[in-house]
Structures are given as structure tokens and as C-alpha cells.
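Index from 1, following the sequence.
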Amino acid sequence: MLRAIEWILLGAGSAGAILWGVHRHRPTRRSPWLLLAGAVATLAIGDVWYAYDRMAFADTSYLVMFVLVALSLLQFTRGGALLVDRARLIDLMAFACSGMLVVWVFVISVDSRFDTVSPADVIGDLLLIGVAVRLVAADRRNVAAILLVAGSAGMLAGDVLYPLSGESPVAESAFVLLYLAWGLSALHPSMARLTEPRPARLSPWRFRDTILLALSAATPPVVLIIEAVSGPVRNGVVIAVAGALTLLLTITRLADAVHQHSQALTRERGLRAANTALVAAADAPAVGEAVRAAVLRLLPPGSVRRVILATDDGRLAREGLPAAPTGTGGHSWWTDSADSDEQTLICPLRLEPLAVARPSGGALVITGRREALVAGRDALEVLAGETALALDRVTLVEAVGRRDSDLYLRAVTGNTAEIMAVVDSDHRIRYASRGLRRLLGGGDLPPLTILDDLVHSDDRETVREALRAEGDGTVYCALNRADGIQVFVAMAYRDLRHDRLVQGLVVTLRPVGNTGDVTDPAPHHEHQGELPAWVNRRSARDKFRY
């Protein structure tokens, strides 16, 4: 009775400590720790049945415990955890399981002193220790992984020493170490690092891996055939357990390979579709729609909460997102989120693998489940590079279109007397006709000349407000000539900032006389002989003063 109470208290305390550690430290994936808590509780139930001498119930509980522990360790080593590449580990574990079966059947089982030791328990304990040691090798400072190794070693010591010592209390204390070590492993803060998502590494399939898996899977039936031919089968249970474990590991290895191949195909198809959509995009909004569709295609459904395509660093500042930290090397970086299950990934718009950033900066911002973002981080970085290339192509096409439009406008208006200019959104004069340059009394305007610099200081604010507003209109102002004389003009403007070719304001100016009447501009010298009616009209006006 006292032993039963002792196991109940140890099992309840260890399982409760694991559950409390999961609640306290909030690991990214809770399933391996919950499975470990279930394994500890099942082990305690088996020990209680063992204390009451109910061996059938005890063996069933121990078998369920091994299944739960195996599932827990598979979850610990699944993609995205601390142990990223588990392919080599599974190959070695399958080969070790087959090797231990051969050693047990043909070496250890021959000695009658080990008849009381359960070979299935020993093989299972050795596999658990192997996985736990691999976790420690991945992060040597992880206290939780070290405690998992200590608990597995305590289980192995108890399964071997307890039956050999005649169920002595000293050997029984090894099981107490198991309960304490596994309970304390969940209480340490390092337990959260065991399930932190990491980017998966694709392992190439090699011929020696095929040979190793084939030998591991073929060993249990070969051992069974040898025992059946040489005499009665004495280790049938051990062979069945080892064969089941080897088969499980082989299926897991093949499933991982198929899953990696499926993920690679999904990323390839998603990036190919995104590339097609980005090539077909004619403007920045179309690029944004293509990028959002590509992100939803690359990541699992329901894992993305927000997608932002910031075409410049100013948009990042408006969204409250930080710039690239030092040491990133041009790669993506993470930002903290209020929700522990979500995080924000920022992929700069760079032309990989050239690592050439866009002049205006910008980034692709995705907020969603961290595990999904980590798995697709490489594909998202490639998508950001393709997006930068598409945006630069759109910008260059628009710049070439504006240049061709300016050249066409210059060719058409080269010999006209019209006084006009094309002004960008930032009020810089992109094109000025000869009439405007003649009106200002100087030669060609300097590059990047601002329209405000030509307007008299008293009229600048009025002109700014007029040109800043949407739509067409007319405003009266005075212009500063090169010789210091002011010219009063009527400035008529057309808002073509949304036009794909112009993308600016077309400004037409007409000088106004002192009486307020509009004075016709002086014609170009090439038209002097073609406009006699114009000369007569001016002479009549001067004669009759109208």
C-alpha cells in the first residue's frame, strides 16, 4: 500500500510539473510535452498495478507508456524543432535497433543471468537515450534536454538493475530519478527552446541511406528465420518489438522524405505562379495583388493574418515597423508581436542573389503563425526578390514612357509659340517649352528646377495650394525674369498626375497686360509671314484702344 501511494505521488507530481511548465513557459508546440506528461502518468499507473501484483495491467500500462514516449520524442524531433534534420538520426536509430536485437538474441539471451531482464524495455530505453542525447548535442546548454537524458538513463538503469538485484530499494530509486528528472525538465525555461521552429533543411537521398534502411528492416525477419530453423523460437516477443520499432522508424524516414519532396514541389509551383503574375503586372497595385496571392499560396491556409507590401522605407515608418537591424546581411528579420503564437517577418526588397537593394528600400511584411513563417522563410525571401525586380521593371517602364512622352511633346511643340511646362508631383519642372524660356529671358532651365523658384515670393503659397489640389484650374501670379522684371501671367493647369504617360501637371501660361487684358504672346519668327491677320488685329486694337 505504501509503495502504491509513493508511485501515485511521484507520478502526479511529475505530470503536474510538466503541465505547469507548459502553462508557465508557453512553448511553441505543446504536444510533445503533453505526450510526455501522459507517458509519466501511465508509468505511474503501471507502477501502482505492479505494487498490487497485477502484472497484466502493469505490462499494458508500460507498453502504452513507451508508445507515448516514442510519440513525444518524434514530436520533439519533427521539422521546426531544435533538432531540424532528423533523417540521419532515424537511420542510425533503426540500424541500432536491429543491431541490439542481434546482440540480445545471439549474445545476451544465451546467458541465463539476464532472463529476468526485459529485452524490449532495454531496447526501448536505449532508443530513448539516443534521441535525448541527440537533443543535447543540438543544444549543449539546454538544461531541459540534459534532464530528459538523465530521466531516460534512470529508466534504463531501473529496467536492468531492478530485476538483476532482486527488486532492491537502491535499484528502485532509479525510477524515482526518472520521475524527478522529467518533471524538472519542464520547469526549466530552456524547455521552450526544444520546440522553437527552425527552418527545415532538405537532406539529399543517398544510396548508403537506402542500404542502411534496407538492412535495418530486413534484420528482424532474418533473425526470426534463423531462430526458427535452429530450434524453438525463444525470443519471439523481442523480435516482434524490434521489428515493429524498425518498421516505425523506416516509415517515419520515408514519410519525412515524401513530405520534404511535397513541400519543395509546393514552393516551386507557388514561386512559378508568382513569377508569372509578377511579370504580367503592369503597375504597383497589380504587383501588390500578385504578391498577396503568392503568400497565401506558399503558406498553409489560415496561417497568415496580414500581408503588407511597402514599396519604400517611408511606408515601413508609417506602419511602425523597424528598419533592418545590423548584422542581418540583407536577409529577413523578425519583430515581436503581442500574440505569442504570431510573429512578423520582414523581407527586404532585394534582388537576390545579387543582394542589390532598391534605391527607395521597402519590404514585404507578413504577420502570421511563427511555425509556418519559419518553414516558408526561404521561399518568402525569394518572393521578395522577385517583387523587387517586378517593381523596378514597372518603374523603368513608366520612366521610359514618360521620357518618350516628353520627347514627343518636345518634337511637337518645338516650333510653337505656346508657353507651357510639365511639372512633376514635387513641383519640379520636367519639360519647359521655348516660349517659357523666352518669357523668362534666359536660356535652358537648370536641371531639377522647381516651379516655386520661378514664381514671385508673394504668390508662391497661392500657386502651391492651387497645384496641390486635385483637378484643373487657373491661378494668376507673377514670374521673376532673369533681368529682374516681373511678368504677370495667367497660369492654367491640367491635373494629369494619374495619367500613365504624363504623371504630372501640364501648365499653360499667358502673359497679362497692365490693364488686365490678356496680351497675345509674340509669335515665333518662323510664323511671321504666315499670320498677316494677326498683325492687322493687333494694329486695329492699338488704333481703337480695345
Side-chain angles (χ1 to χ4, degrees), residues 3 6-15 17-18 32-51 55 57-77 89 93 96-97 100-101 104 108 114 116-136 143-187 191 194 237-238 241-242 244-245 248-249:
R3 279 190 175 183
E6 176 185 352
W7 297 126
I8 291 174
L9 292 177
L10 283 173
S14 181
I18 295 175
W33 291 105
L34 297 179
L35 288 171
L36 187 63
V40 171
T42 307
L43 177 63
I45 294 174
D47 289 339
V48 171
W49 287 120
Y50 188 87
M55 301 307 299
F57 294 104
D59 291 339
T60 303
S61 299
Y62 293 152
L63 180 60
V64 174
M65 182 271 299
F66 270 111
V67 172
L68 293 177
V69 171
L71 292 176
S72 174
L73 292 179
L74 286 176
Q75 290 290 320
F76 275 123
T77 58
L89 174 63
M93 287 178 60
C97 183
M100 286 186 292
L101 173 63
W104 183 271
I108 299 179
F114 294 96
T116 56
V117 178
S118 173
D121 293 344
V122 173
I123 293 176
D125 294 341
L126 290 175
L127 293 179
L128 296 181
I129 291 177
V131 176
V133 168
R134 184 64 183 87
L135 290 175
V136 174
V143 179
I146 296 174
L147 291 173
L148 288 178
V149 173
S152 302
M155 180 183 291
L156 175 63
D159 289 337
V160 174
L161 298 179
Y162 186 70
L164 292 179
S165 62
E167 301 183 357
S168 66
V170 177
E172 194 177 31
S173 61
F175 296 108
V176 178
L177 174 63
L178 164 67
Y179 286 107
L180 295 177
W182 282 4
L184 292 175
S185 65
L187 294 178
M191 59 90 71
L194 292 178
V237 176
V238 180
V241 171
L245 290 175
L248 176 63
L249 292 172

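- Leu249 meets the side-chain contact (heavy atoms from CB on, under 4.5 Å) test with Ile90, Met93, Ala94; sequence neighbours excluded.
- Residue pairs meeting the side-chain hydrogen bond (donor to acceptor under 3.5 Å, both in side chains) criterion with at least one partner in residues 145-163, sequence neighbours excluded, do not occur; the list is empty.
- In this structure, CD1 on Ile18 lies 10.5 Å from CG on Leu35, to the nearest 0.5 angstrom.
- Considering every non-hydrogen atom in both Val40 and Gly11, the closest pair reads CG1-O, 4.0 Å.
- A side-chain contact (heavy atoms from CB on, under 4.5 Å) with Leu128 holds for exactly one of Val69, Leu148, Leu156; it is Val69.
- Expressed to the nearest 0.5 Å, how far CG of Leu63 lies from CG of Asp59 amounts to 8.5 Å.
- Within the 3.5 Å criterion, the main-chain N or O of Leu68 finds no donor-acceptor partner in the side chain of Ser72.
- Across all non-hydrogen atoms, the minimal contact from Met191 to Ala186 is CG-O, 3.4 Å.
- Across every non-hydrogen atom of Phe175 and Met155, the tightest pair is CE2-O, 4.3 Å.
- The minimum heavy-atom distance between Ala144 and Ser185, with the atom names listed, is CB-O, 3.3 Å.
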I'd like a table of donor-acceptor pairs (distance under 3.5 Å, sequence neighbours excluded) in which one partner is a side-chain atom from residues 41-50, with atom names and distances.
residue : atom : partner : partner atom : Å
Thr42   : OG1  : Gly38   : O            : 2.7
Asp47   : OD1  : Tyr62   : OH           : 2.7
Asp47   : OD2  : Tyr179  : OH           : 2.6
Tyr50   : OH   : Glu167  : OE2          : 2.6

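- Remark: Leu161 engages Ala157, Ala171 in a side-chain contact (heavy atoms from CB on, under 4.5 Å) (not counting sequence neighbours).
- By the side chain to side chain donor-acceptor pair (under 3.5 Å) test, Ser168 pairs with Ser165, sequence neighbours left out.
- By the side-chain contact (heavy atoms from CB on, under 4.5 Å) test, Val149 pairs with Ala132, Val133, Val136, sequence neighbours left out.
- In terms of the ring-ring contact (aromatic ring centres under 6.0 Å, His included) criterion, Trp182 has no residue partners (sequence neighbours excluded).
- The heavy-atom pair separating Leu177 from Ala150 by the smallest distance is CD2-O, 4.0 Å.
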Carefully, step by step, assess Glu6 and Val176 under the rule side-chain contact (heavy atoms from CB on, under 4.5 Å). CA-CA 10 Å; Glu6 176 185 352; Val176 178; 4.3 Å; yes
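- Distance check: Leu36 CG to Ser14 OG gives 7.5 Å after rounding to the nearest 0.5 Å.
- Residues satisfying the side-chain contact (heavy atoms from CB on, under 4.5 Å) test with Val143, not counting sequence neighbours, are Leu147, His188, Ser190.
- Taking all atoms of both residues into account, the shortest heavy-atom contact from Gly158 to Ala174 is N-CB, 3.6 Å.
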